Amino acid sequence: MRQALVKQGRGRRSSSRSITAPVGGWNARDSIAAMNVADAVIMDNFFPRTTDVMVRKGYTDWATGLSVDVEALAAYNAADGTAELFAAADDGIYDVSSDGAIGAAVVSGLNSARWQKANVSTTGGKFLYLVNGVDDPLLYNGTAWTAINALSTPAITGVTTNTLVDVCLHQRRVWFVEVDSLSAWYLPVDSVAGAATVFDLSALFRRGGYVLTMGTWTIDAGYGMDDHLVFLTSEGEIAVYKGYDPSSVNTWALVGVYWIGSPVGRRCITKMGSELVIVCQDGLMPLSKALTTVRVNNKLAVTDKIQQAVSTAVSLYGTNFGWELCPFPKENMLILNVPVSTQANQQYVMNTITGAWCRFVGWDAICWELYEDHIFFGTNGKVCRAWDGNKDGDSNIFAECLQAFSNFGYPAREKHFKLIRPIIQVAGADANAFGLSIGLNVEYDQTPPAGWPTFSLGSYALWDAAVWDASVWVSGYSPAKQDWLTAPAIGYNVAMHVKLTNRITDLNWVYTDFIFEMGYGL
């Protein structure tokens with residue numbers, strides 16, 4: 001049956017709608033025409049929190065003076081609560097516990113800077129172990145470094161020590177992975193040296209390859225008898241063992257062998273609470289979920305919502321060095337480092353409370369480490385402290401977001417948008433500044449506003465008394481901003497496209513108001 005079109009009389013009235021900031025985060029999975037309005041098509045350098053979206057913090061130079069890439073960072077955490085931070089670059093290990101110019105290497109003459117690390121506690125003290133599969137393992141006891149081999153003091157015998165490429169502490173034993181093999185090695189209980197015993201895994205893995213890494217998976221979130229040792233191969237096969245003494249069948253047993261997507265990078269595994277999370281071709285896979293389903297069920301991946309972006313990144317950059325997972329508990333973040341290319345690395349970042357994702361650009365990180373509850377990354381020639389301040393070194397932070405498209409409840413009616421009012425809270429000291437450009441995209445067009453907004457340091461303006469995108473904003477948190485901005489656009493579906501330039505101001509985006517007139521239609 002035909003129906004008459006809804007017709008508005010003279011004196012057409014405007015409608016208004018409010019949409020939350022995209023706290024749902026980056027969505028690289030769903031159709032652009034079917035996303036939740038709390039999601040975003042593009043979300044660069046905006047971090048989705050539980051109640052708002054903030055422009056990410058910047059970084060400051062921490063340790064400078066090298067001419068090559070820093071390829072490993074390792075924190076030593078002593079029993080008395082003190083900590084030290086070390087960086088590996090070229091042929092040396094450097095103490096970077098304090099900020100400033102890097103001094104002489106504490107260890108030199110090495111062949112590779114791509115070390116794996118583990119803090120080890122025994123009855124003899126606290127130690128830091130480093131292994132890279134090329135050099136003899138390095139052991140730090142809080143005072144001195146020792147290259148460990150059969151003739152050192154202390155010594156490891158029974159294995160060629162410079163073939164050890166990964167290290168893990170499990171059930172009071174130090175375990176090692178032998179490079180390019182299906183063998184692991186373990187030491188006596190409560191020891192960082194002694195006679196190493198081989199643990200041959202070749203009969204378990206049908207797909208071949210080699211053991212890439214290992215980790216402790218805690219079923220009960222504690223450190224008791226339910227700790228399981230997990231071996232992961234280059235082909236994505238996983239062997240899980242339970243028990244505490246691998247030399248006895250009464251205290252050591254195979255739980256099972258499983259298969260997931262091939263892992264990406266040697267630093268592809270990290271522990272979050274009791275869970276082990278693995279970077280593989282299927283995304284970021286929690287071990288507890290990976291072992292309960294078939295290999296192709298990507299829906300169980302932590303990265304499900306950005307799976308297409310992860311798959312593309314793995315396809316393009318999977319062989320590049322620098323893939324690494326790093327939790328940042330202080331800010332409820334999980335950081336996945338994506339080594340795109342020299343000077344252009346990215347991070348895919350998840351809010352561990354909500355599971356929402358975003359992408360960070362501008363941090364050319366090669367490796368990551370937590371040190372005294374702060375997050376640090378190594379890059380070309382220096383170590384940087386991330387999430388520190390509101391600029392990247394001496395550069396501005398550039399953030400961009402295209403929120404999900406919305407038809408405001410009227411999919412078949414064209415709308416003429418008149419005004420827009422983004423609610424952005426601002427905080428900081430005198431002379432803080434930021435620039436903001438806003439556009440309305442219609443019918444799923446993703447074209448951003450032209451260029452990046454600029455600003456001038458010095459004088460600053462007040463809300464409701466300054467020209468938008470041409471003024472510097474004041475310090476101190478602003479109340480909900482009340483000024484409406486002209487944003488002409490005509491279409492059935494619309495999304496706000498934001499480009500923001502920041503330097504030394506905290507910015508939190510809460511929600512956005514829209515005013516529009518409804519056209520004729522059903």
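The analysis underlying the following values was restricted to heavy atoms, covering all of them including side chains, and did not include hydrogens, waters or symmetry mates. Because the structure is a prediction, the values reported are computed rather than measured.
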Can you find a heavy atom in the side chain of [X] that is under 4.5 Å from one in the side chain of [Y]?
| X | Y | value |
| --- | --- | --- |
| Asn351 | Met333 | no |
| Phe46 | Trp26 | no |
| Thr122 | Ser191 | no |
| Thr233 | Trp259 | no |
| Gln281 | Ser311 | no |
| Asn149 | Thr160 | no |
| Tyr129 | Leu138 | no |
| Lys271 | Thr216 | yes |

Can you tell me if [X] and [Y] form a side-chain donor-acceptor pair at under 3.5 Å?
| X | Y | value |
| --- | --- | --- |
| Gln308 | Arg29 | no |
| Gln307 | Thr303 | yes |
| Gln347 | Trp363 | no |

How about CG on Asp80, more than 12 heavy atoms from neighbouring residues, nucleotides or ligands closer than 6.0 Å, or not?
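Yes, enclosed.
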Going through the distances and angles, do Phe377 and Tyr59 end up as a ring pair (Phe, Tyr, Trp, His ring centres under 6.0 Å)?
CA-CA 9 Å; Phe377 65 82; Tyr59 73 81; 5.6 Å; yes
Would you call Arg207-Glu235 a salt bridge at under 4.0 Å N-O?
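Judged by the 4.0 Å cut-off on N to carboxylate O distance, Arg207 and Glu235 do not form a salt bridge.
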Is the shortest side-chain N to carboxylate O distance from Glu400 to Lys499 below 4.0 Å?
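Not counted as a salt bridge, because no side-chain N and carboxylate O are separated by less than 4.0 Å.
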Please tell me whether Trp185 and Phe176 form a close aromatic pair, meaning their ring centres lie under 6.0 Å apart.
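No, too far apart.
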Using every non-hydrogen atom in the two residues, find where Thr270 and Pro327 come nearest and quote the distance to one decimal.
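Reported closest heavy-atom pair: OG1-CD, 3.6 Å.
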